[in-house]
Amino acid sequence: MYGSSVFRLARKSSVRYLKNGSNKKLLEFLANMPKANTARIAEAQQQRQNISKKGEKYGPSTVYLQVLGSGARGVPNTLYLFTDQKRYLFNCGECTQRLAHEHKVKLSRLEHVFITSKTWKNIGGLPGLSLTLQDVGVPKITLHGPEGLDDLYNATKRFVIMKEMQVTMAPSSPTEDFEDSVMTIKYVHLFPQLTLLQDIPPQPPKRARLGDVPTLTYDQFTHDKTDYYKRGTEGEGEGKSTPRSSRSPDHRVKKKGDFMNLQTSVAYICTLKKRLGALDLAKCVEKGVPPGPLLGQLKSGIDVVLADGTLVMSKDVKTPDDPGPVFIVLEVPEISYLCEEQFAAHFDNGINSPENVPSLIVHLSPPEVFHHNNYQAFMTKFGPTTRHLILNSQNSCLGSEAVHRTQHKLHLLDPEVFPLLKDPSIPAEWGSHPPTPNTNSPTKIKGIEDMKNRIAMAQFQNIINTEMKPSPPKETAEGDEGQKLETYSSRTLTMFHLRPKREIDRSAEPKLHIQDYYQETMGVEGFVACLDKFREEAQNLRYANNHSSNEYPKIVFLGTGSCIPSKTRNTSAIIVHVDDQSTILLDCGEGTFGQLVRFYGPRKVDELLRTLKAIYISHLHADHHIGLIGVLQARAAAFANAPEKNAPLLLLAPGQIVTWLTMYDKQFEKIAAEFTLIPNQNLMDPKEPGLTPAALASIGLDSVLTCLVPHCPNAFGVAITAAGHKLTYSGDTLPTEKLVKIGQDSTILIHEATMEDELADEARIKMHSTTSQAIEIGHKMNAKYTVLTHFSQRYARLPRLNAHILNENNVGIAFDNMQVTLSDLSLLPHMYAPLQHMFAEHCVDMELKAASRVRRKEKPSITSLSGTRQFSTGNTAQTTDSVTNEQSNVKETVDSVSQIKENIENVAIESKENQT
């Protein structure tokens, strides 16, 4: 494999940097590495443009609004508008693309995104979604909303690089409507009424920082110009950026108008285009209308005169036209923003046309505004025919059924390592009785009985959680003068059809089918016996390790996937419970706060956030830090109504993060008071610790030490020590001796293992590690246990492991929502066999893909022979034999599929024998 050569390359490049101050040759080599297939993206973009043009001649025949994010804590308030021509999005908070991926809501035809206000809850998913849309060939995205919304892309341009997709900002003017082939949209700008009469209020004084943290200057990190998707080396990027001049093009002078823009909320009054009624050909024949252009005139609403002088009226031969319903998307952040006059043309007051009265109003206003008397009176003005859909934090649906499916299956292995999620927001459907076994095997019957017990426990857990959650909002509310308002709480995939019918549809909302999850797992041949054996081993190990004495440190894996979130693995985030009063977050990918809500529950998550003392960011790729703002805001909210004082947490991150956070603080929302930045660059020297003893004590640690790692500029690994235990976290990296040095004799090494061993070349190009390389690093640093994480999303359920890895007795695999204490770590290697049975279908798929890669590597030799077209008889025979052999190899591969499950069990048995 490539482990030793990569170490030599890393050491050599590091020495060259320190000696000569230059990596020119290496950087030139990396710059010439294969790039993304831009030709493929261009072709996909052209195809999408052609499809879009075909439908522009006619009004849409199918239109519905679909909720992606319900607005509950931890999920966005995102609304998807589907038409048979185009797709639109209203707001795009964190987790939008993950929910869309799980529920197969295709965003690839998305062209316009409408944002109601410049808050993280509304825009936090735009960076990640934009990168994904660019990759699938979307040529252009247009943003609509408050002025300065597109500054988000300027602020994130170092880690959200838009080269193949154009992002533009629509004027969104109150005097100029948006119009396309689907609908017309009027922009309604809402401002807090007091700001129209008063000057800018004085800024509140900044909160005092931790007194024991030294005052730091960030001049060398400000205005970072680094490209974080340039392949970096160990010695590169030590925070020596040249500061811009104080009057750079990005500098903005603070004016009254800028202050008002920060507070603008934009509502959208949307009117669908008219849809012509359908022509009844039978009635046309009855009236004597001949085939030809007269039919088209009748369909367009024009009366015609036949050759014999007969008048045929359009209304007699076609169904009525659909004038196009109206719907409104509205966010009123505070009651002072409410301006009823802006919507008066759509009130049901006997003066306005019934066609102007909205069929639906989508309310994104927070609960305290929505339930305000003035707001409720405003809602009644639209009349009894208008229905109201609520997307705000009074909802509870987190939207992901797949997360529960995986957790319930893993819960079978060990209920302490894989506890049931404390997310009561998705209802469970239960059959009249548990499924019965399809065999009389005593072992399997025992397993089925165990399944029944666990189902009962899951029901009990759901009952407890239901008691904990707040009461759901009523479906009807009483407005002014006793008028009943038809209101609906929203859940993921709640739909409101606007055409051809106008009705609410809840049939697609996610539900839990817990019995099915258990049956899927228990039905795998050999799983029950393997599970029984594992439980016996776990019981013996826990008894030997005196399990109850090692509760802390406790580690909870919130995200174990790489690059983009999937329905089973979120992006990087790990919670470390140092003790019962102090926790630390290692990396903070998109959706981290949502994962916290799922794991700890909507009530307990605030308690957890009040113990969060520090967040460590390994590097500035979006999948490792884009969830930071959401966590900071959630932590501030957790302290808002608590007696404890909210001290800013310590943010240990590459110093260059200050550019992004400062820009967000100035142009979007105030977050600077929520953290104190300690650059990772200041934590590299053990002789000059970057944190004082008092600061370390405040977060419950004995020491924090970082090192540069080879992945991208300013990428770091870290080793933290608490209560005599050392935890080392690699972040993203190639294997490096620097990490070995700072992590020597670690209790636990958490190391990325993005690729399987056979993809070592690809891992090296992308500056990642393979599974074997990660394990080898653990051996070199003499780590007691190694836990692998950050798997490529091609390994959605289980990474591809070989027999060599299976022989390791101190290596575990991380899953989302897995919690381990030190005494649990010895259990993880014993989970290999039941996991491979549990995900046998996925393992088979991985083996087939591996076999396919081997065939593709061998295929060029055959193609080169056939491409000459100048064969002798002997060469032709040889080529034919080669093709026959290739076909035989394919057949052998297919025939071997049936044996793979048996092989998995044999490898597991052999592994156990080798350990013994």
Side-chain angles (χ1 to χ4, degrees), residues 62-83 87-107 110 114 116 121-122 125 268 270 272 325-331 358-367 370 379 385-404 423-429 469-477 485-513 567 594 597 602:
T62 302
V63 184
Y64 60 80
L65 288 162
Q66 187 173 45
V67 175
L68 268 183
S70 67
R73 290 195 74 192
V75 292
N77 45 9
T78 302
L79 191 68
Y80 178 68
L81 176 61
F82 173 93
T83 76
R87 315 287 190 269
Y88 308 83
L89 207 61
F90 290 87
N91 287 341
C92 185
E94 282 187 72
C95 300
T96 293
Q97 66 171 329
R98 188 182 191 191
L99 289 169
H101 170 70
E102 174 178 345
H103 298 294
K104 297 180 173 57
V105 177
K106 294 184 178 179
L107 301 178
L110 189 65
F114 298 86
T116 54
K121 190 174 184 67
N122 294 340
Y268 301 96
C270 311
L272 296 182
V326 176
F327 69 93
I328 298 175
V329 179
L330 172 65
E331 179 183 9
S359 299
L360 179 73
I361 300 179
V362 182
H363 298 273
L364 302 142
S365 308
F370 180 83
M379 291 168 59
T385 61
T386 298
R387 285 175 273 192
H388 303 268
L389 183 65
I390 307 168
L391 269 75
N392 62 24
S393 59
Q394 76 179 30
N395 296 323
S396 61
C397 181
L398 298 182
S400 178
E401 182 264 345
V403 174
H404 287 271
D423 167 23
S425 65
I426 301 180
E429 288 193 345
K469 71 176 183 179
S471 301
K474 296 180 180 179
E475 292 291 284
T476 59
L485 301 177
E486 197 169 351
T487 64
Y488 304 96
S489 61
S490 65
R491 307 177 64 81
T492 293
L493 301 188
T494 299
M495 298 169 65
F496 190 91
H497 296 273
L498 294 163
R499 184 180 283 164
K501 298 180 180 180
R502 301 179 191 178
E503 61 183 4
I504 193 79
D505 181 2
R506 295 189 177 276
S507 60
E509 293 177 358
K511 297 178 178 62
L512 302 184
H513 303 275
K567 63 182 182 180
V597 176

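For the numbers below, each heavy atom of this structure counts, side chains included, while hydrogens, waters and symmetry mates do not. Numbering of residues begins at 1 and proceeds along the displayed sequence.
A 4.5 Å side-chain heavy-atom check between Cys397 and Ser489 finds every atom pair outside the cut-off. Looking only at side-chain heavy atoms (C-beta outward), Met379 and Thr487 come within less than 4.5 Å of each other. Asn77 places none of its side-chain heavy atoms less than 4.5 Å from the side chain of Asn392. At a threshold of 4.5 Å between non-hydrogen side-chain atoms, the residues Phe327 and Leu65 count as touching.
At a cut-off of 3.5 Å, with distance as the only test, a side-chain donor of Asn122 or Glu331 sits close to an acceptor on the other residue. Checked by atom type, the side-chain pair Asn91/Thr116 shows a donor-acceptor distance below 3.5 Å.
Proximity of a side-chain donor or acceptor of Asn395 to a complementary backbone N or O of Ile390 within less than 3.5 Å is detected. Lys121 contributes no side-chain N or O that, together with a main-chain N or O of Cys92, makes up a donor-acceptor pair within less than 3.5 Å. When atom types are taken as modelled, the side chain of Arg387 and the backbone of Arg502 share a donor-acceptor pair closer than 3.5 angstrom. No side-chain donor-acceptor contact under 3.5 Å links Ser490 to the backbone of Leu389. Checked by atom type and distance alone, the side chain of Lys567 never pairs as donor or acceptor with a backbone atom of Glu401 at under 3.5 Å. Without hydrogens or angle criteria, Thr492 side chain to Leu68 main chain gives a donor-acceptor distance under 3.5 Å.
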Please lay out, stage by stage, how Leu79 and Val67 fare under the test side-chain contact (heavy atoms from CB on, under 4.5 Å).
CA-CA 5 Å; Leu79 191 68; Val67 175; 4.1 Å; yes
Walk me through it: do Arg506 and Arg491 pass the test side-chain contact (heavy atoms from CB on, under 4.5 Å)?
CA-CA 8 Å; Arg506 295 189 177 276; Arg491 307 177 64 81; 4.2 Å; yes
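Annotation: the span from Leu391 atom CG to Leu330 atom CG amounts to 12.0 Å, rounded to 0.5 Å. Considering OG of Ser70 and CG of Leu493, their distance stands at 11.0 Å, rounded to 0.5 Å. One finds the CG atom of Leu364 at 11.5 Å from the OG atom of Ser393 (value rounded to the nearest 0.5 Å). Distance NE2/His101 to NZ/Lys106: 13.0 Å, rounded to 0.5 Å. Between atom CG of residue Leu99 and atom OG1 of residue Thr78 there is a gap of 8.0 Å, rounded to the nearest 0.5 Å. A distance of 11.0 Å separates OG1 in Thr62 from CG in Leu498, rounded to the nearest 0.5 Å.
The aromatic rings of Tyr64 and Phe82 lie parallel to each other, their planes meeting at an angle below 30°, with 60° marking the opposite boundary.
The only member of Val105, Leu81, Thr96 that meets side-chain contact (heavy atoms from CB on, under 4.5 Å) when paired with Leu89 is Thr96.
Nearest approach of His497 to Met495, heavy atoms of both residues: CE1-CE, 3.7 Å. Of all heavy-atom pairs spanning Pro325 and Ser359, the tightest one is CB-OG, 3.6 Å.
Judged as a side-chain hydrogen bond (donor to acceptor under 3.5 Å, both in side chains), and not counting sequence neighbours, the contacts of Tyr88 are Asp180. The ring-ring contact (aromatic ring centres under 6.0 Å, His included) search around His103 returns none, not counting sequence neighbours. Legend: residues meeting salt bridge (charged side-chain N to carboxylate O under 4.0 Å, His left out) with Glu102, ordered by chain and number and at least two apart, are absent.
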